[in-house]
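In what follows, a single structure is set out as structure tokens and then discussed.
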Amino acid sequence: MSQFWKPGSERPRLIDDEEGGVIFYSSSPSTSSGFGYATIEKQRQRLPVYKYRTAILYLVETHATTIIVGETGSGKTTQIPQYLNEAGWAEGGRIIACTQPRRLAVQAVASRVAEEMGVKLGEEVGYTIRFEDLTNPDTTKVKFLTDGVLLREMMDDPLLTKYSVIMVDEAHERSLSTDILLGLLKKIQRRRPELRLIISSATIEAKSMSSFFQTSKKRKGQTGEDLEPRTDPAILSVEGRGFNVQIHYLEEPVSDYLQAAVSTVLSIHDQEPMGDILVFLTGQDDIDAAVQLLTEEVHNNRKHSGLIILPLYSGLPRAEQDLVFSPTPRGQRKIIISTNIAETSLTLEGIVYVVDSGFSKQRFYNPISNIENLVVAPISQASARQRAGRAGRVRPGKCYRLYTEEYFVKEMSTQGIPEMQRTNLVSCVIQLKALGIDNILGFDWLASPSPEAVIRALEVLYSLRILDDDAKLTSPTGFQVAEISLDPMISKMILSANLLGCSEEIITISAILSIQSIWVSVRGSQKELDEAKLRFAVAEGDHVTYLNVYKGFLESGKSSQWCYKNFINYHAMKKVIEIREQLRRIAQRIGIALKSCEGNTEVLRKAITAGFFANACHLETFSKGGMYKTVRGSQEVYIHPSSVLFRVNPKWVIFHSLVSTDRQYMRNVTAIDPSWLIEAAPHFYEHQRGNPVAY
DNA sequence: GAGCACTGC
């Protein structure tokens with residue numbers, strides 16, 4: 001017992017908790033043997049939501065929309081769909097849907113519910129996520145899916161006619177897809193009064209949610225024989241089952257939260273009983289620094305022995321990430337230093353203490369410059385509560401906030417800004433257009449995006465010839481782009497590749513651009529990584545280099561050994577294969593025949609230009625440090641040192657994306673000929689006087 | 001010669 005789980009040995013068992021979070025357990029599965037149905041039934045009845053069963057069913061029956069506020073551990077996610085099923089909402093071939101923001105949650109909840117119902121997953125209970133449809137159209141009654149998938153389903157069935165009840169879970173997270181979905185569901189309700197919505201949220205934002213779904217228009221008809229539900233939403237609160245978490249604030253604010261976090265961890269270790277510690281910092285830099293400081297402390301000071309210090313962020317290699325789920329050996333204490341990933345996406349077992357820096361990295365979009373920035377910003381009160389809650393899952397815990405109570409009350413916003421208001425909207429706009437919603441600014445949003453952001457999105461789509469002069473989808477380009485589930489600029493690149501005869505290569509590039517990075521992130525062995533990169537690098541730039549990597553991967557027989565030797569992330573490559581396969585299917589459906597350009601990199605780069613012409617840059621000849629300026633907008637930008645064109649500095653380049661730190665760095669860069677710009681987008685470049693493209 | 005919070009289709 002009390003052994004670390006080692007990568008390569010049997011993996012920890014993945015189980016789900018009642019709220020769709022995921023816990024990784026290493027103990028052998030024993031719960032399902034011997035007891036069976038009766039025990040499960042008893043477990044179900046012990047959940048807080050159980051005593052509201054009748055009330056929930058009554059409210060859903062009588063109200064078009066029911067808002068359920070439930071804390072963690074209430075059991076709402078797994079139980080409510082079952083109650084609805086038991087009450088007959090899935091009779092007559094109808095389906096009960098429950099959406100989640102994350103794939104992992106969908107899978108976990110679905111398999112839990114299937115187990116509780118004693119059925120095989122994929123029959124009465126099923127789930128759909130990208131790349132995976134485990135439902136049976138003849139038998140599935142309860143279906144779990146990501147909200148993104150439900151949005152996609154609306155393209156084929158705008159009124160979502162097969163669903164009797166749609167439960168939107170985790171609505172408080174206010175992800176882009178959740179917000180779009182809620183706006184569209186409200187529209188659907190007007191056409192389908194028999195449809196029932198359940199909005200489930202962890203926080204008491206229920207009021208604004210409720211007024212959003214409040215339809216003023218009273219339906220006609222006599223009250224007695226009116227079959228239609230009430231239009232005012234019902235609100236129901238369900239208590240959670242978490243343990244009490246004692247909150248500690250700083251008495252005086254600190255300037256260095258990193259140092260404060262480290263000393264707080266050490267004093268918890270010195271003074272508090274055993275139990276693991278979870279520290280929330282902002283990013284890889286912070287986390288690596290804190291890990292190093294703590295590790296040194298353990299080396300230098302014997303009283304700090306028995307500490308296991310582990311970083312946790314999404315960019316971490318898989319084997320290292322898995323370490324955080326190993327059980328803590330007796331007499332030791334695990335310290336996990338994490339990004340926001342531990343706030344919602346992963347549930348860690350055994351955490352008793354939380355240290356909250358009060359900050360996270362957040363994305364903000366500037367529609368004027370059309371640039372997305374990742375900045376360290378204060379979290380909201382809701383986030384702080386969520387973080388604190390991570391300490392109370394197994395027994396009463398403590399949360400140490402590295403800020404004052406006054407700051408929490410007076411300075412921190414209660415909710416945080418919905419993603420809708422801090423992101424680029426091109427994908428969102430195109431989705432709505434595809435559903436026939438033309439007036440984007442006038443759409444009934446839960447939180448309206450800024451007019452500037454909407455206008456910028458329309459402008460970009462217009463320049464890509466995805467929208468026409470009347471801001472309607474062009475045919476066929478616009479409709480085809482809407483069909484491809486990728487960034488519209490990538491979709492446009494794929495369509496152009498079809499005309500240029502290089503679709504085979506371009507869908508590979510598109511798949512690779514759709515994931516974070518295909519390289520292994522290693523800080524120590526940077527030199528080796530650079531050398532490995534050189535084995536694939538070509539003068540044309542990063543995109544063509546990726547083709548060489550892909551080719552090498554295929555030739556190796558998709559070998560993980562080969563990836564390891566070449567500093568390539570094996571899991572990333574598997575994902576590339578998956579996405580590429582999906583793109584191949586979509587291409588087939590919209591009538592693109594895959595064709596290879598047989599090594600003609602000029603047509604490849606022309607296709608890339610056709611999608612990304614707006615990101616064209618020109619080297620400032622008289623500047624020394626490799627400074628470029630964007631052709632449109634004259635933004636100062638530099639080639640990122642991770643690019644194969646770093647220090648090569650071709651005169652004209654096009655980039656896929658920018659990362660903003662002290663400078664704007666271009667990631668994924670390809671050299672182009674400026675004449676291709678006018679060829680690809682005459683409407684975008686022709687009329688600019690004094691533009692260097694002219695000569 | 002520098003660094004990418006997190007999702008999702």
Side-chain angles (χ1 to χ4, degrees), chain A residues 99-106 128-133 145-155 170 173-181 280-289 312-316 338-346 357 359-364 372-377 379 383 416 419 422-423 427-428 430-431 434 481-488 490-491 510-511 514-517 519 521-523 526-527 529-530 575 578-579 582-583 585-586 625-626 638-643 645-649 656-668:
Chain A
T99 74
Q100 296 288 322
R102 279 170 295 277
R103 298 162 49 94
L104 211 56
V106 168
T128 310
I129 55 180
R130 188 189 189 184
F131 304 130
E132 223 184 318
D133 182 10
L145 67 174
T146 50
D147 29 29
V149 167
L150 191 58
L151 275 178
R152 282 273 147 194
E153 286 191 1
M154 289 182 73
M155 293 229 201
E170 312 284 0
E173 286 187 24
R174 302 296 302 275
S175 76
L176 192 60
S177 333
T178 306
D179 268 25
I180 300 173
L181 186 62
F280 284 104
L281 294 180
T282 62
Q284 187 173 342
D285 266 351
D286 269 10
I287 290 168
D288 288 346
L312 177 63
Y313 43 84
S314 80
L316 210 60
S338 172
T339 59
N340 256 3
I341 193 169
E343 195 179 305
T344 47
S345 304
L346 295 175
S357 66
F359 290 96
S360 71
K361 281 198 182 168
Q362 292 160 40
R363 185 167 56 195
F364 288 96
E372 277 182 328
N373 269 318
L374 207 54
V375 294
V376 173
I379 60 171
S383 276
E419 195 181 3
R422 44 184 185 86
T423 189
S427 297
C428 166
I430 204 161
Q431 251 173 339
V481 165
E483 191 92 1
I484 304 172
S485 51
L486 293 173
D487 179 291
I490 292 186
S491 308
S510 302
S514 302
I515 60 160
Q516 297 258 6
S517 170
W519 307 106
S521 82
V522 273
R523 290 214 162 177
Q526 194 56 52
K527 217 173 163 190
L529 172 60
D530 284 351
K575 192 135 197 191
E578 225 175 12
I579 297 174
Q582 187 193 29
L583 291 179
R585 281 198 307 268
I586 293 172
Y638 296 83
I639 294 181
H640 195 280
S642 66
S643 168
L645 292 183
F646 180 68
R647 283 215 194 110
V648 179
N649 292 339
H656 173 245
S657 60
L658 286 179
V659 289
S660 318
T661 50
D662 50 331
R663 286 175 170 180
Q664 305 282 356
Y665 284 103
M666 304 181 259
R667 291 184 67 210
N668 299 323

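Protein chains get the first letters and strands the later ones, always in sequence-line order, with residue 1 at the start of each.
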Check: Can A/E173 and A/R102 be counted as an ion pair, charged N to O under 4.0 angstrom?
Finding: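 Salt bridge: yes.
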
What's [X] touching, base or sugar-phosphate or nothing? Going by heavy atoms closer than 4.0 Å.
X	answer
A/I129	sugar-phosphate
A/S177	nothing
A/T146	sugar-phosphate
A/Y313	sugar-phosphate
A/L374	base
A/R663	nothing
A/S360	nothing
A/R130	base
A/D530	base

Distance, rounded to the nearest Å, where [X] contributes [atom1] and [N] contributes [atom2]:
X	N	atom1	atom2	value
A/E343	B/dC6	CD	P	12 Å
A/L316	B/dA5	CG	P	12 Å
A/L176	B/dA5	CG	C1'	16 Å
A/I639	B/dG3	CD1	C1'	16 Å
A/D147	B/dC6	CG	P	19 Å
A/D487	B/dT7	CG	C1'	15 Å
A/N373	B/dC4	CG	P	10 Å
A/K527	B/dG3	NZ	C1'	20 Å

Notebook entry, point to check: Starting at the 5' end of DNA chain B and moving along, which residue's nearest nucleotide shows up first, A/T282 or A/S485?
Noted result: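 Comparing both residues, the 5'-ward one is A/T282.
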
Go through [options] for me and flag the one nearest to the [X] side chain.
X	options	answer
A/H640	B/dG3, B/dG1, B/dC9	B/dG3
A/P641	B/dA2, B/dA5, B/dC6	B/dA2
A/Y665	B/dA2, B/dC6, B/dG8	B/dA2
A/R102	B/dG8, B/dC6, B/dC9	B/dG8
A/K361	B/dC4, B/dG1, B/dC6	B/dC4

Next item on the list: Would you indicate whether the side-chain heavy atoms of A/Y313 and A/I341 approach each other to under 4.5 Å?
Entry: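 In short, these two side chains do not touch, never coming nearer than 4.5 Å.
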
Checklist line | Heavy-atom side-chain proximity of A/H640 to A/N668 below 4.5 angstrom | finding: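 A side-chain contact under 4.5 Å is absent here.
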
Would you say [X] reaches [N]'s phosphate, i.e. side-chain N/O to OP1/OP2 under 4.0 Å?
X	N	result
A/R667	B/dG3	no
A/S314	B/dC6	yes
A/T339	B/dC6	yes

Answer yes or no: is there a donor N or O on one side and an acceptor on the other, between the side chain of [X] and the main chain of [Y], under 3.5 Å?
X	Y	answer
A/R667	A/S643	no
A/E419	A/L176	yes
A/S383	A/I379	no
A/T128	A/D133	no

Check: Can a donor-acceptor pair under 3.5 Å be found between the side-chain atoms of A/D288 and the base atoms of B/dG3?
Finding: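 No pair found.
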
